[in-house]
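Structure first, then comments.
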Amino acid sequence: MSTRPEIEADAQSFIERIFEHLNVAEDVRQRLACAKFSAQVSIPVRMDDGTLEVFQGWRVQYDDTRGPTKGGVRLHPKVSAAEVTDLSFWMTIKCAVVDLPFGGAKGGICVDPKRLSRLELERLSRGYIRAIHDLIGPDRDIPAPDVNSNATVMGWMADEYAQIERRQVPAVITGKPIGLGGSAGRVAATGRGALQVLQLWASREDKSPQQLRIAVQGFGNAGYHFARLAHQAGYRIVALSDSKGAIYDKAGLDPQPIWEHKNQTRELKDMVYCDESVCEQSKAERISHEELLELDVDVLVLAALEDAIDDDNAERIKAKVILEIANGPVTRKADQLLADAGVVILPDVLVNAGGVIVSHLEWVQNRTGDYWSEETVEQRLDERIGKAAEACFARAEAEQVSLRTAAYLQGVERIADAMSNQGTRTYFNARSD
Ligand code: GLU
């Protein structure tokens, strides 16, 4: 087995097909074949009971040809070097698909954060930054939130960086709380961007929100904001799930009270407001995670983790459209099976780019010291993701390829162009006389 920080074989063979389609220079293939920089760190944390635990963390900077590398930090017990490498590669593609001046990176800590007290989580977040401090910076690599890491964690991380540097450097981390230099609109950005892509697809297909029934797998930050905004826009959210369970109501659910109840009790239940307080309503049925994925709905939203649909369950999926808010929720084999069955997949590298788009806006605001209203941020987000989505839709149609292939063609073409500008074999072999 190679010890190079490479993406997994499936992703490798997919990108090879993109290279062939675009006829990119051999130099570009070689440069994109493995991560530019990969670090594993040990983070010692003093626990509340006085014991010491040492957590493993990673930061992988996949490619920085188009700008400083960018990507979140994931806190999860399944985080590994291989996972962080794949995620850093997808960040590289994603930033290029939406034409941000960033390369791609990802970080992760192998931990179940739900097991930690708030003080332990703060120590771990600060310890991670002490371990990678000299690898990051506003012009080098800019972390952000990802699965299980939120604005509070980003605030601690930015503060730790500032303490080490003995100066404020807000642009080193994005997704911070607004009071600590965060951007208006960042928390809802991934969900909002995903809804924009769905709306554009729906209007091209002449479908109104009222005609589309949606099931959402993954009711974390991105899944919640997507569901809330989609419900407001008139779509019918018929099912929701989180790591503990799933609920279904064919008449439609209101995500807002369910979210509030979940945050209070860590339990997913159908709730309605009665007399200005939350009270239980028994209409919704409890279903299993598998049943949610296999519901007969128009749109299945995947907003949890990788590999939710694989070759085991792909053939049982009844949704006509899949909206990938998570990174890599469909395996390559399942992708092919779904395509053969005529399922349209709106791909992760486009659909979930809203988060990094507003991270870029936060970085710009931090560097200029000029802060914008939520309306301005939302307008810029809608414009950027809308433009990228239209370009992907047009390319998929013109070249008769899937939307995932079209998005990768857009992204890889931009990366290849940047790399080629630094000179390729053809350039260096040409005679100058
Ligand atoms: N973790 C998010 C993603 O996967 C956001 C990254 C960022 O804002 O840098 O796109």
query: Has the side chain of R414 got a donor or acceptor atom that lies under 3.5 Å from a matching backbone atom of V97?
result: yes

task: May I ask you to decide if P329's main-chain N or O and D348's side chain share a donor-acceptor pair within less than 3.5 Å?
output: no

Test log, rule side chain to side chain contact (heavy atoms under 4.5 Å, CB included), inputs S203 and Q199: CA-CA 6 Å; S203 67; Q199 304 257 52; over 6 Å; no

message: Under 4.0 Å between a side-chain nitrogen and a carboxylate oxygen: does that hold for K387 and D99?
response: no

- request: Answer yes when E83 and K78 have at least one side-chain N-carboxylate O distance shorter than 4.0 Å, and no when they do not.
  value: no

message: Between D298 and R213 (salt bridge meaning N to carboxylate O under 4.0 Å), is one present in this structure?
response: yes

- prompt: Is the cationic atom of R123 (NZ for Lys, CZ for Arg) positioned less than 6.0 Å from the six-membered ring centroid of W156 and within 45 degrees of its normal?
  reply: no

- request: State, yes or no, whether a side-chain contact exists between I317 and I322 at a heavy-atom distance under 4.5 Å.
  value: yes

message: If the threshold is 4.0 Å, N to carboxylate O, is there a salt bridge linking R115 and E120?
response: no

task: Taking only Lys NZ, Arg NE, NH1 and NH2, and the carboxylate oxygens of Asp or Glu, determine whether R59 and D141 approach each other closer than 4.0 Å.
output: yes

message: Run the salt bridge (charged side-chain N to carboxylate O under 4.0 Å, His left out) test on K176 and E362 for me, step by step, so that the C-alpha distance in whole Å, both residues' side-chain angles and the decisive distance to 0.1 Å come before the verdict.
response: CA-CA 9 Å; K176 300 178 294 295; E362 181 173 331; 2.7 Å; yes

message: Any side-chain to backbone donor/acceptor pair from K106 onto L87? Under 3.5 Å, distance only.
response: no

task: Verify, without hydrogens or angle tests, whether W363 (side chain) and P138 (backbone) share a donor-acceptor contact under 3.5 angstrom.
output: yes

Can you give each donor-acceptor pair under 3.5 Å made by side-chain atoms of residues 331-344, sequence neighbours left out, with the distance rounded to 0.1 Å?
| unit_1 | atom_1 | unit_2 | atom_2 | d |
| --- | --- | --- | --- | --- |
| T331 | OG1 | A334 | N | 3.2 |
| D335 | OD1 | R404 | NE | 3.2 |
| D335 | OD1 | R404 | NH2 | 2.7 |
| Q336 | NE2 | D340 | OD1 | 3.0 |

message: Please check: side-chain N/O of N221 versus main-chain N/O of V187, any donor-acceptor pairing under 3.5 Å?
response: yes

message: Has R140 got a side-chain atom pairing as donor or acceptor with D134's backbone, closer than 3.5 angstrom?
response: yes

- prompt: Any idea how F14 and Y408 line up, ring-wise: parallel (<30°), tilted (30 to 60°), or perpendicular (>60°)?
  reply: perpendicular

- prompt: Which of parallel (below 30°), tilted (30 to 60°) and perpendicular (above 60°) describes W259 and F219?
  reply: perpendicular

- prompt: Below 4.0 angstrom, N of the basic side chain to O of the carboxylate: do R395 and E413 qualify?
  reply: yes

- line: Here the pair of heavy atoms bringing C110 nearest to P77 is SG-O, 3.3 Å

field: Check: T376 main-chain N/O paired with S373 side-chain donor or acceptor under 3.5 Å
entry: yes

message: Between M91 and V356, is there a side-chain heavy-atom distance shorter than 4.5 Å?
response: yes

message: Applying salt bridge (charged side-chain N to carboxylate O under 4.0 Å, His left out) to R204 and E397, what does each step give before you reach the verdict?
response: CA-CA 12 Å; R204 281 176 80 95; E397 208 169 278; 3.1 Å; yes

task: Would you confirm whether R384, through its side chain, and V98, through its main-chain N or O, come within 3.5 Å as a donor-acceptor pair?
output: yes

message: Donor-acceptor pair, distance only, cut-off 3.5 Å: does the side chain of Q61 make one with the backbone of L135?
response: yes

query: Quick one: are L124 and V153 in side-chain contact, heavy atoms under 4.5 Å?
result: no

message: Has T368 got a side-chain atom pairing as donor or acceptor with V364's backbone, closer than 3.5 angstrom?
response: yes

message: Any heavy-atom pair between the side chains of V60 and F37 that's under 4.5 Å?
response: no

message: For a 4.5 angstrom cut-off between non-hydrogen side-chain atoms, does L32 reach V24?
response: no

